[in-house]
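Comments concern the structure below.
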Amino acid sequence: MDAVFKALADPTRRALLDELFREDGQTLSALEAQFDITRFGVMKHLKQLEEAGLVVARRRGREKLHFLNPVPIRLIHDRWVGKYAEPWAAGLSELKTRLETPMEKIFEIYIRTTPARLWEAITDSETRSKYIFGNRIETDWQVGSTYRMTNPKADGPLSEGEILEIDPPRRLVQSMRALWGEDVEAEGTSRITWEIEQVADSCRLTVTHDQLREGANDQLYGGWPMILSGLKTWLETGEVLTTPGSLMYT
């Protein structure tokens, strides 16, 4: 976490994160226009944010877009803030930080585990329930097959979709239609891509949630930092994350 704290210590880098929070997926030129420093200066700050995992860059044709990755900040919350906070405080914080949704959200996290073990944690229903709010998944994990996300405390399925691509233990693509409320059900279908890459003794897990309409309900993607933080905690310690909010649906 030292790299994250170091990156956050600079006011310009914090301002860059605020700008990506306001409008995600921006080019270097768009970000440069918001700051009274040189293009090279913005590039240096973005590089440090990328090295800390707070920004993820992706090529889209000729453009390089920069996305805010809130997962490291969530990990800091779980390690340094969550254990001191009351559950109601976490609820107020999440209400305060509601976002306007862009078309695409990217989340990245490093987990000290193997690709096979990480893949199993993503696809095994019992393991999923330990970090996705007690929810379970029902599917045969074949391309073209449907799936349902359920919870013992829910009256019906919470989400459903189709397995679009599957390449164990590297890549899983699924469509997703939320069903836990009329407001999210009206949003229609989006897409979730899980990508696993081994890096030394760890795995880099990138989750891309896209095909969202601009201004979509943030319930569709707002839980990802908690989910990935819980996944990391489970795989690295064998413990279930119990910081405020992480078990809000169990």
Side-chain contact test, heavy atoms from C-beta onward, threshold under 4.5 Å: evaluate it for [X] versus [Y] and give yes or no.
X    : Y    : result
E185 : R177 : yes
L20  : L49  : no
T193 : T206 : no
I122 : Y131 : yes
H209 : M176 : yes
E236 : I111 : yes

Worksheet item: Do you know which of E138, E160, Q174, E162 makes side chain to side chain donor-acceptor pair (under 3.5 Å) with Y147?
Response: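 Between Y147 and the candidates, side chain to side chain donor-acceptor pair (under 3.5 Å) is satisfied uniquely by Q174.
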Worksheet item: F107 vs W224 aromatic rings, parallel, tilted or perpendicular, using cut-offs 30° and 60°?
Response: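 Aromatic pair F107/W224 classed tilted.
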Discussion item. For R171 and E195: C-alpha separation, side-chain torsions, deciding distance, then whether side-chain contact (heavy atoms from CB on, under 4.5 Å) applies.
Written reply: CA-CA 5 Å; R171 179 177 169 89; E195 295 175 291; 3.0 Å; yes
Can you tell me how far [atom2] of [Y] sits from [atom1] of [X], rounded to the nearest 0.5 angstrom?
X    : Y    : atom1 : atom2 : answer
I73  : S229 : CD1   : OG    : 12.5 Å
L17  : N69  : CG    : CG    : 10.0 Å
T237 : K232 : OG1   : NZ    : 10.0 Å
Q198 : T113 : CD    : OG1   : 9.5 Å
L179 : R148 : CG    : CZ    : 9.5 Å
S129 : N151 : OG    : CG    : 9.0 Å

Worksheet item: Considering residues at least two apart in sequence or located in another chain, which fulfil the ring pair (Phe, Tyr, Trp, His ring centres under 6.0 Å) criterion with W119?
Response: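 W119: no ring pair (Phe, Tyr, Trp, His ring centres under 6.0 Å) contacts found.
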With a cutoff of under 4.5 Å between side-chain heavy atoms, which Ile, Leu, Val, Met, Phe, Trp and Tyr residues group with [X]?
X    : answer
L164 : V173
Y110 : V199
V56  : L65, F67, I106

Worksheet item: Between R128 and R136, is a side-chain contact (heavy atoms from CB on, under 4.5 Å) present by the stated rule, with each step listed?
Response: CA-CA 6 Å; R128 268 190 174 231; R136 298 175 181 274; over 6 Å; no
Item to complete: Decide yes or no on side-chain contact (heavy atoms from CB on, under 4.5 Å) for V207 and V71, but give the supporting numbers first.
Response: CA-CA 11 Å; V207 175; V71 175; over 6 Å; no
Can you name the closest pair of heavy atoms from [X] and [Y] and give their distance?
X    : Y    : answer
P115 : P169 : O-CB, 3.7 Å
P225 : P70  : CG-CG, 3.8 Å
L231 : A121 : CD1-CB, 3.8 Å
D24  : L68  : OD1-N, 2.8 Å

Side-chain donor-acceptor distances from residues 28-37 under 3.5 Å, at least two apart:
| from | atom 1 | to | atom 2 | distance (Å) |
| --- | --- | --- | --- | --- |
| S29 | OG | R39 | NH1 | 3.2 |
| E32 | OE1 | R39 | NH1 | 3.0 |

Worksheet item: Is a donor on one side and an acceptor on the other found under 3.5 Å between the side chain of W141 and the backbone of T123?
Response: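 Between the backbone of T123 and the side chain of W141 there is a qualifying donor-acceptor contact (under 3.5 Å).
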Discussion item. With a 6.0 Å cut-off (strictly less than), is the heavy-atom count around CG of D201, excluding the residue itself, greater than 12?
Written reply: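 Above 12, so yes.
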Under 3.5 Å, side-chain donor or acceptor atoms of residues 1-10 against the rest of the protein: list the pairs with distances, not counting sequence neighbours.
| from | atom 1 | to | atom 2 | distance (Å) |
| --- | --- | --- | --- | --- |
| D10 | OD2 | T12 | N | 2.8 |
| D10 | OD2 | R13 | N | 3.1 |

Worksheet item: Are the charged groups of R22 and E19 less than 4.0 angstrom apart, N to O?
Response: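 A salt bridge is present here (some side-chain N lies under 4.0 Å from a carboxylate O).
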Worksheet entry | Passing candidate, salt bridge (charged side-chain N to carboxylate O under 4.0 Å, His left out) with E104, options R60, R213, R191, R58 |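 Output: one option passes, namely R60.
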